[in-house]
Amino acid sequence: MPELPEVEVVRLGLAPAVTGAVVTAVDVFDERAITRHDHARGSFADRLTGRRMRAPQRRGKFIWIPLDPDPVVEAATPAGDAVLAHLGMTGQLLLREAWARPEDEPHVRVRVELRHPQAGELAVFFRDQRTFGSLALDELVTTDAGDAVPTQVRHLARDPLDPLFDDRGFLAALAVKRSAVKRVLLDQRAISGVGNIYADEALWAARIHPEQPANRLSRAKARMLLGEIRLVLGKALIEGGTSFDAQYVNVNGQAGYFAHSLNAYGREGKPCPRCGTPIVRVSFMNRSSHFCPKEQRLR
DNA sequence: CTTTCGCCCTGAGTGC
DNA sequence: TGCACTCAGGGCGAAA
């Protein structure tokens, strides 16, 4: 459920607490929470303990926190390394007092204890009900544009809120692909950060049927779609993200408000806010698509 | 190469 | 009340 806006809210919340902090202890309570980690180079806890964190970064739905160079294995990782996090469906990164007990709340998979030069001792809890999320220590690699990203993020396209997002490249990808336009929106190699909720919302705003073949969109329509993607992601970010239940929350455990602003997603049978036609839900790619059957026609 | 499919997982909700 | 079943879906790797 956490898509770009939710993940960005988490990154912004994490930043003041972790930037400059030193990891004093790492407890992994459930190994499934670190399935992204490559154990061949050492355990997650061993590699993270003692390291100093820099400012958190994000691309698409991935967050990472670059670390100051490790004095022990400096040569092995020329661009450095980082703690990488993907929240999956139900992952949460929560700021806690250092004395807070992980066993007092459900699904705490990992606890990272920090000492911050100003804020002092604190802890970050990684909670994850469905364990689709994961943490890892990952190597950074330098991209063509000169920025350093974890190896697991390398294959992702930039996200539409990234100033270096390749508008022309994305439009070209749409123009070439015969698959459903929604499939392209969910393909993180074409555009990252968009998930089921914001794909449905952007398609509704642009009046495009989710199963319209991407290459059948006019250039103008495709450009409008990209604009609506940026618009809906930006609005959701300002509202603190979309929360349906207690699953998505910021680092302080608070829900976002954007669920009230959804026009299509999760509104099956309810009137389209523009024309009143009941929103329909159809099965698509093992998930659901919600759209207005009157305004979003398959051509 | 593209596209599809199955798997990972838990708790809320539904139907009988 | 209880039990079986369905659903939510991001990422990834295997299969077609």
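The sequence lines fix the lettering, A, B, ..., with proteins before strands; numbering per chain opens at 1.
At the heavy-atom level, A/S288 lies under 4.0 Å from the strands shown only through sugar-phosphate atoms. Using a 4.0 Å heavy-atom distance criterion, A/R189 is classed as making no nucleic acid contact.
The distance from atom CZ of A/F284 to atom P of C/dG10 is 12 Å, rounded to the nearest whole Å. Put simply, OH on A/Y198 is 13 Å from P on C/dG9, counting in whole angstrom units. As rounded to whole Å, 11 Å separates atom P of C/dC12 from atom NZ of A/K61. Rounded to whole Å, atom P of C/dC12 lies 7 Å from atom CD of A/Q152. Atom pair A/N215:CG and B/dT2:C1' shows a separation of 14 Å (rounding to whole Å applied). A/N196 places its CG atom 12 Å from the P atom of C/dG11, with the value rounded to the nearest Å. The CD-C1' distance, from A/Q92 to B/dT10, rounds to 14 Å in whole Å. One can place CZ of A/F62 at 7 Å from C1' of C/dG11, the figure rounded to the nearest angstrom.
Taking only side-chain nitrogens and oxygens, A/Q188 never comes nearer than 4.0 Å to OP1 or OP2 of C/dG10. At B/dT4, none of the side-chain N or O atoms of A/R287 fall inside 4.0 Å of OP1 or OP2 (strictly under the cut-off). Between A/R32 and B/dT10, a side-chain N or O to OP1/OP2 separation shorter than 4.0 Å is present. Close to B/dC9, at under 4.0 Å from its OP1 or OP2, lies no side-chain N or O of A/H107.
With A/E239 contributing its side chain and A/A236 its backbone, the two residues share no donor-acceptor pair below 3.5 Å. At least one donor-acceptor pair closer than 3.5 Å links the side chain of A/Q57 to the backbone N or O of A/A55. A donor-acceptor contact shorter than 3.5 Å links the side chain of A/K221 to the backbone of A/A206. Side-chain N or O atoms of A/Q188 include none that pairs as donor or acceptor with a backbone N or O of A/G60 at under 3.5 Å.
Looking at which nucleotide of DNA chain C each of A/Q129 and A/L156 is closest to, the 5′-most match is held by A/Q129.
Salt bridge annotation for A/D166-A/R158: absent, with no cationic side-chain nitrogen under 4.0 angstrom from a carboxylate oxygen. A salt bridge is absent between A/K235 and A/E201: the closest approach of a Lys/Arg side-chain nitrogen to an acidic carboxylate oxygen does not fall below 4.0 angstrom.
Donor-acceptor pairing under 3.5 Å is recorded for the side chains of A/S288 and A/R281. Checked by atom type, the side-chain pair A/S289/A/K182 shows a donor-acceptor distance below 3.5 Å. Side-chain atoms of A/T151 and A/E139 include no donor-acceptor pair closer than 3.5 Å.
In DNA chain C, the stems built from three or more successive Watson-Crick or G-U pairs (distances below 3.5 Å) are B:2-16 with C:2-16.
Proximity note for A/R109 (side chain, C-beta onward) versus C/dG10, C/dC12, B/dT10: the nearest is B/dT10. Closest contact between the side chain of A/H155 and the listed nucleotides C/dG10, C/dG9, C/dC12 involves C/dC12. Candidate nucleotides C/dA8, C/dG10, B/dG11 were compared by shortest atom distance to the side chain of A/H86, and C/dG10 ranks first.
With its ring centre under 5.5 Å from that of the base six-membered ring and a plane angle below 30°, A/F132 counts as stacked on C/dG10.
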Result block: side-chain N/O donor-acceptor pairs under 3.5 angstrom for residues 223-234 of chain A, not counting sequence neighbours:
residue, atom, partner, partner atom, Å
A/R230, NE, A/P160, O, 2.7
A/R230, NH1, A/D167, OD2, 3.4
A/R230, NH2, A/D167, OD1, 2.8

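Listed in residue order, the members of residues 167-186 of chain A having a heavy atom less than 4.0 Å from DNA chain B are A/S179, A/R183.
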